[in-house]
Number of protein chains: 2
Amino acid sequence: MEITVIFLGAENEGNIGSLARVMKNFGLTDLILVSPKVMIGKDAIKAAMHAQDVLRSAKIVEKFEDAIKNVDFVVGTTARLGWNYNVLRTPIYPDQLSRLKEVEGKVAIVFGRESSGLTNEELNKCDIVLTIPANPEYPTLNITHAAAIIFYEIFKMFKKSQAERYRCASRIEKEKILEIFHELLREIEYPQEKTQIAFRIFRNIIGRSFISGREAHTLMGVFRRTIMVIKRLKQKK
Amino acid sequence: MEITVIFLGAENEGNIGSLARVMKNFGLTDLILVSPKVMIGKDAIKAAMHAQDVLRSAKIVEKFEDAIKNVDFVVGTTARLGWNYNVLRTPIYPDQLSRLKEVEGKVAIVFGRESSGLTNEELNKCDIVLTIPANPEYPTLNITHAAAIIFYEIFKMFKKSQAERYRCASRIEKEKILEIFHELLREIEYPQEKTQIAFRIFRNIIGRSFISGREAHTLMGVFRRTIMVIKRLKQKK
């Protein structure tokens with residue numbers, strides 16, 4: 001699946017540059033501008049930061065039809081769900097974009113004018129309409145903010161198995177640290193009736209913290225030394 | 001849970017306004033600027049669009065400490081994971097923020113300067129560090145794009161089930177437990193050169209685990225008793 005970003009009737013140069021930047025942030029490079037009201041000048045270049053390449057390779061076309069003629073699946077974006085909205089379209093939300101995975105060819109994500117978004121006619125040319133859940137009192141996001149959220153969701157979905165971003169402590173390591181903590185409780189003669197609770201609480205904290213292997217070893221080291229210090233002091237007594 | 005947005009050393013008026021807009025888009029209103037390099041002028045007002053109220057009520061303070069003094073849980077943001085990165089911090093991702101639900105008091109989301117982000121010293125004052133998965137070739141998002149993604153995830157999470165809550169430990173409780181842990185390290189004569197690392201690791205685990213008030217007190221009890229046992233044994237020596 002390839003993704004093309006289409007921006008219709010851009011009214012602000014900064015937004016073009018800013019869109020290029022956030023595209024590159026999420027690994028997208030293919031930008032088409034449909035009859036922009038402004039040209040790509042220094043404000044766009046400034047906002048694009050390190051995404052000049054995206055900006056330079058942007059295509060400019062006259063009509064929306066030209067932009068989507070080689071596209072297999074067109075995703076329109078809109079904030080206007082409350083009013084002036086074609087109720088026949090049931091919008092999807094950014095975190096439902098995983099369905100895009102099933103598309104084999106080209107996918108376009110289409111953003112409309114800053115002032116008025118996509119027209120109903122344009123939305124009707126899209127395969128699906130996407131909206132971002134937001135504050136009903138002010139749901140209209142800046143176009144590049146909407147883009148950031150959508151690109152982020154797409155990026156996430158393709159990187160899904162980020163499960164092990166770092167090596168989480170293994171079961172054995174976690175059991176070991178719990179065992180040592182238990183030994184510590186015994187060594188300090190922690191009241192019998194409270195031991196179970198303290199132990200559970202410690203286990204919960206360890207579990208929720210997604211402790212890494214390295215962290216587990218450091219903490220084990222601290223507890224082991226504590227126990228050793230206590231034992232030694234007891235012997236000398 | 002209340003959310004405060006903190007923007008440190010803002011360098012660009014447009015970004016302040018744009019941040020206010022996206023805050024309002026996701027129902028947030030409480031903005032604190034820490035020693036901004038620019039004042040709120042017409043560019044900020046223009047970028048804020050229909051979020052003038054957020055901009056008007058923004059507080060300006062001198063120091064980061066002033067901004068977080070009443071905050072119970074501080075979330076720092078960073079893009080700099082590859083280089084110049086304090087390897088001791090294991091970051092969380094925006095879609096793991098659902099754990100914030102467990103915090104009952106104030107939560108701050110902290111954004112750093114456009115040019116250089118948060119310093120390591122500032123990140124060290126945070127309970128957790130958050131990063132947005134992005135293109136490794138250009139992972140640095142515009143600050144308001146990062147904000148859009150984070151606020152969107154938070155907004156989504158509150159729209160989902162308001163499942164079981166518990167009282168997260170307050171800032172004071174967390175400081176107390178860290179202090180006691182530090183005392184323990186001293187008491188067991190933990191090697192000087194490793195103390196800082198052990199301390200940081202413990203702090204990170206506490207942060208990531210969203211420790212509850214009750215859990216914090218139990219753990220403090222265990223450590224206090226340990227210290228007491230060691231001291232008593234030393235006296236008898």
Side-chain angles (χ1 to χ4, degrees), chain A residues 14 18 21-22 24-27 49-51 94-95 132-135 137-142 144-146 148-149 152 155-156 159 162 165-166 184-185 187-190 194 197-198 201-202 204-212 214-215 218-219 221-222 225-226 228-230 233-234 236-237, chain B residues 14 18 21-22 24-27 47 49-51 90 93-95 99 132-135 137-142 144-146 148-149 152 155-156 159 184-185 187-190 194 197-198 201-202 204-211 214-215 218-219 221-222 225-226 228-230 233-234 236-237:
Chain A
S18 191
R21 175 176 179 178
V22 75
K24 186 158 179 179
N25 286 149
F26 292 111
M49 296 284 286
H50 301 292
D95 53 358
I132 295 172
N135 180 4
E137 280 172 38
Y138 186 26
T140 319
L141 274 73
N142 166 289
T144 71
H145 288 161
I149 290 164
Y152 155 80
F155 187 86
K156 268 206 310 187
K159 303 210 91 188
Q162 280 179 335
R165 285 133 173 173
Y166 62 105
L184 176 67
L185 292 178
E187 215 53 64
I188 64 172
E189 289 155 44
Y190 199 71
K194 290 188 190 168
I197 291 174
I201 280 176
F202 185 69
N204 293 344
I205 292 168
I206 292 299
R208 284 205 314 268
S209 75
F210 293 87
I211 194 168
S212 74
R214 188 190 164 190
E215 290 171 340
T218 302
L219 218 51
V222 170
R225 188 182 178 100
T226 304
M228 190 194 72
V229 165
I230 292 174
L233 286 165
K234 279 183 180 169
K236 286 189 186 160
K237 206 167 62 173
Chain B
S18 191
R21 176 176 177 178
V22 74
K24 187 158 179 180
N25 285 150
F26 291 110
M49 295 285 284
H50 301 292
T90 306
Y93 295 86
D95 54 358
R99 299 196 212 155
I132 294 172
N135 180 5
E137 281 172 38
Y138 185 27
T140 319
L141 273 73
N142 165 288
T144 71
H145 287 162
I149 289 165
Y152 155 79
F155 188 85
K156 269 207 306 186
K159 298 204 82 182
L184 175 66
L185 292 177
E187 215 53 65
I188 64 172
E189 286 156 50
Y190 199 72
K194 290 188 190 166
I197 291 174
I201 281 178
F202 184 69
N204 294 345
I205 292 168
I206 292 298
R208 285 205 315 268
S209 75
F210 291 86
I211 194 168
R214 191 192 161 191
E215 289 171 339
T218 301
L219 217 52
V222 170
R225 190 182 177 98
T226 304
M228 191 193 72
V229 165
I230 293 174
L233 286 165
K234 280 182 181 170
K236 286 188 185 157
K237 203 167 63 171

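Values below: every heavy atom of this structure, side chains too, minus hydrogens, waters and symmetry copies. Convention: sequence-line order gives letters A, B, ...; per-chain numbering from 1.
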Top contributor to chain A contacts, counting heavy-atom pairs under 4.5 Å, from B:G27, B:G14, B:A146 | B:G27

With A:E189, which residues qualify under side chain to side chain contact (heavy atoms under 4.5 Å, CB included), at least two apart?
-> A:K234, B:R225

Looking only at heavy atoms, which two atoms of A:A148 and A:F26 are closest? And how far apart?
-> O-CE1, 3.8 Å

If one checks every heavy atom of A:L141 against chain B at 4.5 Å, the contacting part turns out to be both

Bottom line for A:I230: the part with an atom under 4.5 Å from chain B's heavy atoms is both

Looking at A:A198, A:G221, A:P94, A:A51, which one has more heavy-atom pairs under 4.5 Å with chain B than the rest?
-> A:P94

What part of A:P139 lies closer than 4.5 angstrom to a heavy atom of chain B: side chain, backbone, both or neither?
-> backbone

Taking all heavy atoms of B:P133 and all of B:Y93, pick out the closest pair and write down the distance.
-> CD-CD2, 3.4 Å

Based on non-hydrogen pairs under 4.5 Å, which of A:V229, A:V22, A:I205, A:L184 is most in contact with chain B?
-> A:I205

Among A:I197, A:T140, A:I206, which has the most heavy-atom pairs under 4.5 Å with chain B?
-> A:T140

Non-hydrogen atoms of chain B under 4.5 Å away: do they reach the side chain of A:M228, the backbone, both or neither?
-> neither

Answer yes or no: is there a side-chain heavy-atom contact under 4.5 Å between A:F155 and B:I132?
-> no

Candidate list A:I211, A:T218, A:L219, test side-chain contact (heavy atoms from CB on, under 4.5 Å), partner A:E215, passing option | A:I211

Non-neighbouring partners of A:N142 that pass side chain to side chain contact (heavy atoms under 4.5 Å, CB included), sequence neighbours left out | A:N15, A:T144, A:H145, B:R21

